[in-house]
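Each remark here refers to the structure printed beneath this line.
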Amino acid sequence: MALRVYNTLSQTKEPFQTVAPGRVGMYVCGPTVYSKSHIGHMVGPVIFDTIKRYLTYLGYQVSWVVNITDVDDKLIVQAQKDGTTVKELAEQVTADSLDCLAALSVDGIDHMPRATEHIGEIIAITEGLIEKEFAYESGGDVYFDVNKAESYGKLSHRDPDDLMVGARIEPTTLKRNPGDFALWKRSKPDEPSWDSPWGPGRPGWHIECSAMSLKLLGAHFDIHGGGLDLVFPHHENELVQSESYTGVPFASYWMHNGLLTKDGRKISKSDPGTIVLMSDLLRDYSPDTIRVLMLSSHYRRPIDYGPTRLAEIDRGLQTFHRAFERFEELGNEPFHQLDAPRTRADWKAGDAPALREIAEHRTRFLDAMDDDFNTGGALGELFEVVHALNRTAAALTAASSPADLADYRSGMVVLKELSQLLGLFQKPPAKPEVGGDALTGDLLELLIELRARLRKEKNFAMADEVRNRLTGLGVVLEDGAQGTRWRIEPKH
RNA sequence: GGCUCAGUCGCCAAGUGGUAAGGCAACGGUUUGCAAAACCGUCACCCCCGGUUCGAAUCCGGGCUGAGCCUCCA
């Protein structure tokens with residue numbers, strides 16, 4: 001199956017064809033850095049990170065750009081409130097954002113350009129648009145004249161005339177049409193400002209993305225992404241100003257992720273009860289859990305977040321962690337150190353029946369990804385793979401041949417390969433630290449050893465008491481053929 | 001009011017014309033000193049009404065319900 005991608009422009013899934021053979025340019029709208037990241041901010045990055053992983057696996061060389069908006073009304077207001085400068089606020093919030101991205105294994109971003117570092121490019125485009133008469137200067141502001149562009153509305157599928165009805169647009173005498181949007185804004189005293197042909201000012205919201213994508217990816221690139229709520233007006237405006245300026249098509253594919261809701265309500269700054277800071281969430285849940293939440297359904301659908309849901313996912317993920325432990329016990333090799341195939345052609349099933357089954361699920365996984373990055377379907381196959389591996393592991397004994405062990409390992413490599421495509425299980429679990437420090441681990445090993453003696457002496461009453469009391473402390477013991485395992489239960 | 005999108009097991013969710021993946025929960029069983037884990041098994045006529053078709057969860061029409069956008073928002 002060949003890759004197909006849903007395009008907001010055509011509202012259909014289209015075969016994926018790049019501008020330049022073998023290369024993909026991808027631009028995703030990033031944060032406005034005026035307050036710390038909440039969970040909703042991470043949906044787009046996780047999804048597009050997964051998309052980049054898959055495109056890379058398919059053999060494309062992907063260049064991924066995520067912009068940082070570090071000049072904006074909201075930054076100005078917030079900095080004043082905090083008694084700090086816009087620059088300092090932007091730096092703090094950007095650092096938080098980068099921490100969250102790193103924690104969630106979003107590590108495929110190639111460029112994170114800042115708006116303030118591209119003022120020259122922004123001015124040049126604005127001048128060009130005035131020259132071509134798509135834009136006009138008015139009282140120190142510069143506006144894009146939406147009536148000059150026939151195609152306006154083609155992305156959000158709206159009739160420009162309909163837009164005006166019911167839209168609450170600030171009355172201003174500066175604009176020719178109510179729908180015109182600012183490319184450049186005259187700045188008030190005490191606001192960040194840059195010199196321009198129209199006097200001191202700062203860029204409008206939409207123009208920075210046009211400037212930075214043009215600079216880093218060229219006039220015509222492959223994928224433009226962002227949240228569904230950005231389709232209008234942001235992306236529509238970005239699209240019309242870019243194409244008006246360059247005269248060539250802008251992005252080939254527009255991809256929009258669904259929004260996250262909390263208990264059914266959209267996460268938004270204007271609804272404080274819905275805000276869940278990423279840094280807080282990461283204290284209670286593993287990055288994998290959060291990532292799976294975002295990848296468990298198709299990226300265009302809304303996702304509802306809640307503690308119950310995360311706990312559910314967490315429990316499901318335990319299946320994988322136990323399979324990794326089992327693998328390490330049987331083969332003396334940590335799952336996390338396995339080398340995964342880098343492309344589809346780098347793994348072959350061979351003749352072993354166990355591997356044939358895994359190969360089937362692998363095919364279905366990849367087919368799902370080919371179908372507009374259907375991570376939900378792919379995730380289902382991942383569970384099938386781990387179950388198949390557990391069956392294989394259960395059949396292994398001390399008398400098993402090296403060939404059987406090799407097949408088991410080969411199946412594990414597939415699990416590594418596929419989970420890596422989703423960005424899961426990238427880091428070894430931080431087990432000893434969970435309870436505090438390494439001493440915890442040593443003490444538990446001691447208790448387990450003593451309990452093993454009790455069991456050997458058939459003093460089950462005492463052995464059970466040790467286990468029960470540990471359970472009460474949040475430590476679960478599991479007796480297996482290879483000895484006793486312990487783990488700390490998450491508190492939620 | 002306008003423009004989009006969605007409605008599949010108790011909950012989450014895949015499936016875009018040929019008689020319903022997977023996860024969580026639940027219930028049997030194997031295993032275990034007992035547990036846990038693992039494994040095996042059970043658990044859905046796909047919001048409603050009409051239509052197209054040999055055949056529809058999947059296509060069309062009409063309802064009902066929910067979400068997003070039209071205003072800053074990932």
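Given the structure is predicted, the values throughout are model-derived calculations rather than measurements. Every chain is numbered from 1, with letters handed out A, B, ... down the list of sequences.
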Please confirm whether A:R300 makes a cation-pi placement over A:Y6, using NZ or CZ under 6.0 Å from the six-membered ring centre and within 45° of the ring normal.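 Here A:R300 passes the 6.0 Å and 45° test against A:Y6.
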Could you check whether A:R176 makes a cation-pi contact with A:Y143, meaning its NZ or CZ is under 6.0 Å from the centre of the six-membered ring and within 45° of the ring axis?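 No, A:R176 does not lie over the aromatic ring of A:Y143.
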5' priority, RNA chain B, between A:V231 and A:V476 [closest heavy atom]: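 It is A:V476, whose closest nucleotide lies nearer the 5' terminus.
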Which value, in whole Å, describes the distance between the [atom1] atoms of nucleotides [N] and [M]?
N: B:rG62; M: B:rU4; atom1: P; answer: 13 Å
N: B:rA57; M: B:rC64; atom1: P; answer: 24 Å
N: B:rA13; M: B:rG7; atom1: C1'; answer: 13 Å

Within the 4.0 Å heavy-atom criterion, would you say [X] contacts the bases, only the backbone, or no part of the nucleic acid?
X: A:K456; answer: nothing
X: A:G44; answer: nothing
X: A:L260; answer: base
X: A:G40; answer: base
X: A:L477; answer: base
X: A:R4; answer: nothing

Just how far, in rounded Å, is [atom2] of [N] from [atom1] of [X]?
X: A:L422; N: B:rG23; atom1: CG; atom2: C1'; result: 14 Å
X: A:H256; N: B:rG68; atom1: NE2; atom2: P; result: 17 Å
X: A:R326; N: B:rA36; atom1: CZ; atom2: P; result: 15 Å
X: A:D314; N: B:rA25; atom1: CG; atom2: P; result: 11 Å
X: A:L155; N: B:rC3; atom1: CG; atom2: P; result: 17 Å
X: A:L75; N: B:rC72; atom1: CG; atom2: C1'; result: 13 Å
X: A:I275; N: B:rC72; atom1: CD1; atom2: C1'; result: 13 Å

Contact between A:S419 and A:F320 at the side-chain level, heavy atoms closer than 4.5 Å - yes or no?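 Result no, sub-4.5 Å side-chain heavy-atom pair not found.
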As a test of reading the structure: which of [options] is closest to the side chain of [X], going by heavy atoms?
X: A:L259; options: B:rC70, B:rU4, B:rA74; value: B:rA74
X: A:E478; options: B:rA37, B:rC24, B:rU4; value: B:rA37
X: A:R391; options: B:rC34, B:rC40, B:rU4; value: B:rC40
X: A:D479; options: B:rU4, B:rA35, B:rA74; value: B:rA35
X: A:D229; options: B:rA21, B:rA74, B:rC3; value: B:rA74
X: A:N390; options: B:rA38, B:rC3, B:rA74; value: B:rA38
X: A:D464; options: B:rA74, B:rG22, B:rC34; value: B:rC34
X: A:T319; options: B:rA38, B:rG22, B:rG33; value: B:rA38
X: A:F460; options: B:rA37, B:rC70, B:rG33; value: B:rG33

Can you find an N or O donor on one side and an acceptor on the other, under 3.5 Å apart, linking the side chain of [X] with the base of [N]?
X: A:R467; N: B:rA35; answer: yes
X: A:D72; N: B:rC72; answer: no
X: A:R455; N: B:rG33; answer: yes

Between A:R53 (side chain only) and A:Q420 (backbone N and O only), is there a donor and an acceptor less than 3.5 Å apart?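 Checked: pair present.
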Is the aromatic ring of A:F383 within stacking range of B:rG22, meaning centres under 5.5 angstrom and planes under 30 degrees?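 It does not: the two rings, one from A:F383 and one from B:rG22, miss the stacking criterion.
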Looking only at side-chain N and O atoms, does [X] come under 4.0 Å of OP1 or OP2 in [N]?
X: A:R300; N: B:rU4; value: no
X: A:Q318; N: B:rC24; value: no
X: A:H387; N: B:rG23; value: yes
X: A:N374; N: B:rG15; value: yes

Does one side chain, of [X] or [Y], offer a donor that lies under 3.5 Å from an acceptor on the other?
X: A:W486; Y: A:E445; result: yes
X: A:S10; Y: A:E14; result: yes
X: A:R309; Y: A:S296; result: yes
X: A:T94; Y: A:S97; result: no

For [N], the Watson-Crick or wobble counterpart (both distances under 3.5 Å):
N: B:rU30; value: B:rA38
N: B:rC24; value: B:rG10
N: B:rC5; value: B:rG66
N: B:rA56; value: none

Is the closest basic N to carboxylate O distance between A:D72 and A:R202 below 4.0 Å?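 No.
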Under the criterion side chain to side chain contact (heavy atoms under 4.5 Å, CB included), which of A:V106, A:I47, A:L317, A:I313 is the partner of A:R291?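 Result for side chain to side chain contact (heavy atoms under 4.5 Å, CB included) with A:R291: A:V106.
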For nucleotides 11-13 of chain B, give me every protein contact, N/O to N/O, under 3.5 Å, one pair per line with atom names.
unit_1 : atom_1 : unit_2 : atom_2 : d
B:rC12 : O2'    : A:R309 : NE     : 3.0
B:rC12 : O2'    : A:R309 : NH1    : 3.2
B:rC12 : O2'    : A:R309 : NH2    : 2.4

